[in-house]
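See below for the structure under consideration.
Just so you know, ligand 1 is whichever comes first in the structure, and atom 1 is the first atom listed for that ligand. In what follows, residues are counted from 1 in the order of the sequence shown.
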Amino acid sequence: MRRVLTAARMRAADQAAESRFGMPSPLLMENAGRYLADAARELGTPGARYVVVCGPGNNGGDGLVAARFLHAHGLRVTLVLVGDRAKLTPESKRNLHALTPYRMEPQSLGTVGEARAGDVVVDALFGTGLTRAPAGEFAEAIQHMRRWRAAGVKVVAADIPSGLHTDTGEPFEPCVEADLTVTFGFVKQGQVLEPGATLCGELRCVDIGIPPEAVEAREGAEVFLVEESDARGAIAPRRSDTHKGSYGHVLVVAGSHGKSGAAAMSALGALRGGAGLVTVATRSEVVESVLGHTPEVMGWPLENRGPLGMADLEPLLAAADKKDVLVVGPGIPRGEETVKLLGTLLSRVEAPAVLDADALNAVATDLEVLRRAKGPLVLTPHPGEMSRLTGVPTKDLQKARVEVARDFARTHGVTLVLKGARTLVAHHDGSVYVNPTGNPGMATGGMGDVLSGLLGALLGQGLKLPEAAWTAVYAHGLSGDLMVARRGRLGLIATDVAKGLCNVWTRWNR
Ligand SMILES: NC(=O)C1=CN([C@@H]2O[C@H](COP(=O)(O)OP(=O)(O)OC[C@H]3O[C@@H](n4cnc5c(N)ncnc54)[C@H](O)[C@@H]3O)[C@@H](O)[C@H]2O)[C@H](O)CC1
Ligand SMILES: [K+]
């Protein structure tokens with residue numbers, strides 16, 4: 001699990017590295033510049049020109065150090081300085097002076113000429129100190145780097161692509177798009193949220209000598225990037241002396257006339273997620289259809305007709321008896337009484353419950369249901385459902401995903417999976433986990449149904465929250481990534497991702 005920082009915490013860590021641990025800023029900059037030069041050399045072709053574009057702050061200083069190392073390797077370096085030289089930070093001034101023996105006179109944008117395919121640009125214009133939209137010659141420099149990249153030039157960004165907001169991942173206009181971003185010390189929040197993650201290209205975090213102890217702890221406000229080893233490690237290898245009763249019994253409450261597929265996909269997600277047993281409680285008229293899709297599951301017919309209501313309470317309490325986890329919502333028939341039924345059911349059942357789809361839309365009408373629940377809850381809204389849960393317009397909440405998800409989880413004492421590009425898992429202790437897997441090929445119906453069942457399966461096997469949630473989200477997205485690596489993004493469907501989970505388990509040797 002990699003801790004993800006904001007610009008302010010990064011600056012505080014930078015200062016603490018010097019004041020508390022004796023790591024002076026010039027040494028940090030020297031280390032940063034060396035890593036930057038090494039990364040640029042990886043991308044350069046023989047005879048390439050290295051155009052290092054430096055801004056007025058310490059990000060520019062990193063670039064000046066990188067220019068020196070590239071020159072030391074005998075490479076063709078063109079140095080571009082943007083902004084008023086008189087405003088250079090002391091560190092950058094010192095590194096500009098250090099270039100004097102090499103006669104690497106900084107050029108202006110106007111005289112640098114065009115970079116060509118095969119060349120490499122080092123973007124050291126702005127880093128975590130960017131505070132507003134780049135303008136004037138700074139914007140022009142970014143436009144140059146974007147144009148050069150479109151012409152086939154490789155772009156390596158120092159610390160963060162210039163123009164990208166360090167904390168939100170939102171680009172100012174214009175913003176550099178990098179092939180590789182070498183970030184110093186710690187991953188920044190804007191590098192793991194879209195569109196920032198895409199603008200960074202490959203993200204490489206390097207240790208320049210800032211010890212983790214230099215970052216002051218923020219209990220209840222940490223953001224983490226989930227890494228494959230975390231998800232893999234959360235799932236224990238299976239012992240030989242086990243049986244289907246060892247891996248949990250999942251009750252899926254889902255499906256209705258015309259939506260039996262949602263129940264089947266949730267059940268399939270649970271089965272492919274390793275559940276020992278899966279029972280689907282659904283309207284009688286769809287039981288056979290669900291079992292037809294997934295003969296491995298057991299059916300629990302709900303004899304009533306129409307929307308789920310209080311008349312279904314006793315049958316559902318009976319269905320929930322001796323189950324390890326509930327998954328409620330995919331394709332359920334929702335009506336006026338559904339929220340009352342859910343509130344009563346959840347107040348009486350101790351098992352953890354996953355609330356998805358129309359269970360979320362029902363709960364949105366009375367959030368008190370969440371507080372009254374007896375067992376731990378995990379909600380899995382997409383942005384539209386999150387908007388209904390919070391009353392925040394979708395476009396606004398998408399610009400503050402971390403904050404909106406964390407506030408909701410904390411306020412209602414739940415774990416919340418806010419789906420979308422870079423799905424977030426927010427736990428009620430304030431911690432937030434960013435998922436890096438998944439791809440646009442997964443933007444198709446049923447993916448959420450599969451995830452709800454997978455999450456139920458992991459909870460049923462004993463994983464706790466939030467670990468079960470970020471592991472399920474990671475595995476779900478990785479299944480989609482492995483599928484499209486072999487066969488393209490278009491035409492990927494939810495049952496492919498469910499079946500594709502076996503590729504994940506194989507990769508993880510589980
Ligand atoms: N964090 C670390 O441990 C290290 C960080 N290093 C590098 O330092 C930058 C941060 O440097 P800083 O001087 O704070 O700011 P920037 O270089 O990112 O920005 C330059 C400067 O420009 C001004 N500014 C901000 N926005 C604009 C704008 N739109 N137009 C014009 N000017 C603007 C503002 O005054 C900024 O201060 C970090 O990213 C790392 O690359 C160290 O080198 C290594 C250790
Ligand atoms: K940069």
Side-chain angles (χ1 to χ4, degrees), residues 5-21 23-37 39-40 51-66 80-95 121-142 145-146 149 155-167 171-188 190-191 196 199-201 203-212 214-215:
L5 302 187
T6 58
R9 288 183 81 192
M10 195 65 241
R11 271 194 294 280
D14 190 2
Q15 285 145 19
E18 179 150 25
S19 60
R20 289 174 53 203
F21 298 100
M23 284 299 289
S25 199
L27 178 55
L28 298 178
M29 185 174 282
E30 192 75 4
N31 293 341
R34 181 195 290 266
Y35 274 114
L36 198 52
V51 183
V52 184
V53 180
C54 297
N58 285 343
N59 195 247
D62 298 342
L64 291 166
V65 173
V80 181
L81 205 49
V82 185
D84 179 354
R85 193 177 298 200
K87 288 186 180 165
L88 286 176
T89 55
E91 303 300 352
S92 296
K93 271 199 185 98
R94 193 176 54 73
N95 275 297
V121 165
V122 175
D123 160 27
L125 193 66
F126 293 122
T128 56
L130 184 75
T131 52
R132 57 194 184 281
E137 59 180 323
F138 299 108
E140 201 188 321
I142 293 174
M145 289 189 269
R146 289 181 62 87
R149 185 166 185 266
V155 176
V156 182
D159 208 21
I160 194 162
S162 296
L164 183 62
H165 194 295
T166 305
D167 297 353
F172 287 106
E173 179 54 40
C175 180
V176 164
E177 185 152 5
D179 296 283
L180 168 63
T181 293
V182 182
T183 199
F184 309 123
F186 298 84
V187 169
K188 282 71 177 181
Q191 295 171 333
L199 289 166
C200 285
L203 179 65
R204 185 180 300 170
C205 184
V206 293
D207 177 357
I208 59 172
I210 303 173
V215 179

**Message:** I'd like to know whether CZ of Arg34 has more than 12 heavy-atom contacts from other residues, nucleotides or ligands below 6.0 angstrom.
**Reply:** no

**Prompt:** How many angstroms lie between atom CZ of Arg132 and atom NE2 of His165, to the nearest 0.5 angstrom?
**Reply:** 12.5 Å

**Message:** Heavy atoms only, cut-off 4.0 Å: how does Ile208 contact ligand 1, side chain, backbone, both, or neither?
**Reply:** side chain

**Prompt:** Do Glu173 side-chain atoms and Gly163 backbone N/O form a donor-acceptor pair below 3.5 Å?
**Reply:** no

**Fill in**
Leu28 heavy atoms within 4.0 Å reach ligand 1 at atoms 45 (C)

**Complete:** for atom 23 (C) of ligand 1, nearest protein heavy atom and its distance come out as Phe126 CE2, 4.4 Å

**Asked** Counting from 1, what ligand 1 atoms have a heavy atom of Thr131 closer than 4.0 Å?
**Response** 25 (C), 26 (N)

**Fill in**
Among non-hydrogen protein atoms, atom 29 (N) of ligand 1 lies closest to Arg132 O, 2.9 Å

**Asked** Taking atom types as modelled and ignoring hydrogens, do the side chains of Thr181 and Gln191 form a donor-acceptor contact shorter than 3.5 angstrom?
**Response** no

**Message:** So, 3.4 Å as the limit: is an N/O/S atom of Phe126 located closer than that to the K ion (ligand 2)?
**Reply:** yes

**Message:** Can you tell me which portion of Phe172 lies within the under-4.0 Å heavy-atom range of ligand 1? Options are side chain, backbone, both, or neither.
**Reply:** neither

**Message:** Counting only heavy atoms, tell me which of Leu125, Asn31, Asp14 gets closest to atom 2 (C) of ligand 1.
**Reply:** Asp14

**Message:** If I apply the N/O under 3.5 Å rule, does Asn58 come out as touching ligand 1?
**Reply:** yes

**Message:** Measuring from non-hydrogen atoms of Pro134 to any atom of ligand 1, is the shortest distance under 4.0 Å?
**Reply:** yes

**Complete:** heavy-atom search around atom 10 (C) of ligand 1 in the protein gives Thr128 OG1, 3.4 Å

**Fill in**
The answer for which part of Phe138 has a heavy atom under 4.0 Å from ligand 1 is side chain

**Prompt:** Using 4.0 Å as the upper bound for N to carboxylate O, is an ion pair formed by Lys188 and Asp167?
**Reply:** no

**Request:** Please indicate whether any nitrogen or oxygen in Gly129 is less than 3.5 Å from any nitrogen or oxygen in ligand 1.
**Result:** yes

**Asked** Counting only N and O atoms by type, is there a donor-acceptor contact under 3.5 Å from the side chain of Thr166 to the main-chain atoms of Ala7?
**Response** no

**Verify atom 35 (O) of ligand 1: protein non-hydrogen atom under 4.0 angstrom away** = no

**Closest to atom 17 (O) of ligand 1 among Leu64, Asn95, Asp84, Asn59 (heavy-atom distance)** = Asn59

**Message:** With rounding to 10 degrees, what does the angle Asp123:O / the K ion (ligand 2) / Ile160:O come to?
**Reply:** 130°

**Message:** Counting non-hydrogen protein atoms only, what is the nearest one to atom 3 (O) of ligand 1? Give residue, atom name and distance.
**Reply:** Ile210 CD1, 2.7 Å

**Asked** Does Ala158 put an N, O or S atom under 3.4 Å from the K ion (ligand 2)?
**Response** yes

**Asked** Mind checking whether Gly127 has an N or O less than 3.5 Å away from an N or O of ligand 1?
**Response** yes

**Item:** Contact check: Arg11 vs ligand 1, nitrogen or oxygen atoms, below 3.5 angstrom
**Value:** no

**Fill in**
In this structure, CZ of Arg146 is separated from CG of Asp123 (nearest 0.5 Å) by 11.5 Å

**Pairwise distance CE(Met23) to CD1(Ile210) - rounded to 0.5 angstrom** = 8.0 Å

**Request:** Before giving the answer on side-chain contact (heavy atoms from CB on, under 4.5 Å), spell out for Val215 and Leu5 the whole-Å C-alpha distance, their side-chain angles and the decisive distance to 0.1 Å.
**Result:** CA-CA 9 Å; Val215 179; Leu5 302 187; 3.8 Å; yes

**Item:** side-chain contact (heavy atoms from CB on, under 4.5 Å) evaluation trace for Leu28 with Phe184
**Value:** CA-CA 9 Å; Leu28 298 178; Phe184 309 123; over 6 Å; no

**Asked** Atom CG of Asp62 and atom SG of Cys54: how far apart are they, to the nearest 0.5 Å?
**Response** 9.0 Å

**Prompt:** For ligand 1, is there an atom lying under 4.0 Å from some heavy atom of Ala133?
**Reply:** yes

**Contact atoms of ligand 1, heavy-atom distance to Asp159 under 4.0 Å** = 38 (C), 39 (O), 40 (C), 41 (O)

**Prompt:** Does Asp62 approach ligand 1 within less than 4.0 angstrom via side chain, backbone, both or neither, non-hydrogen atoms only?
**Reply:** side chain

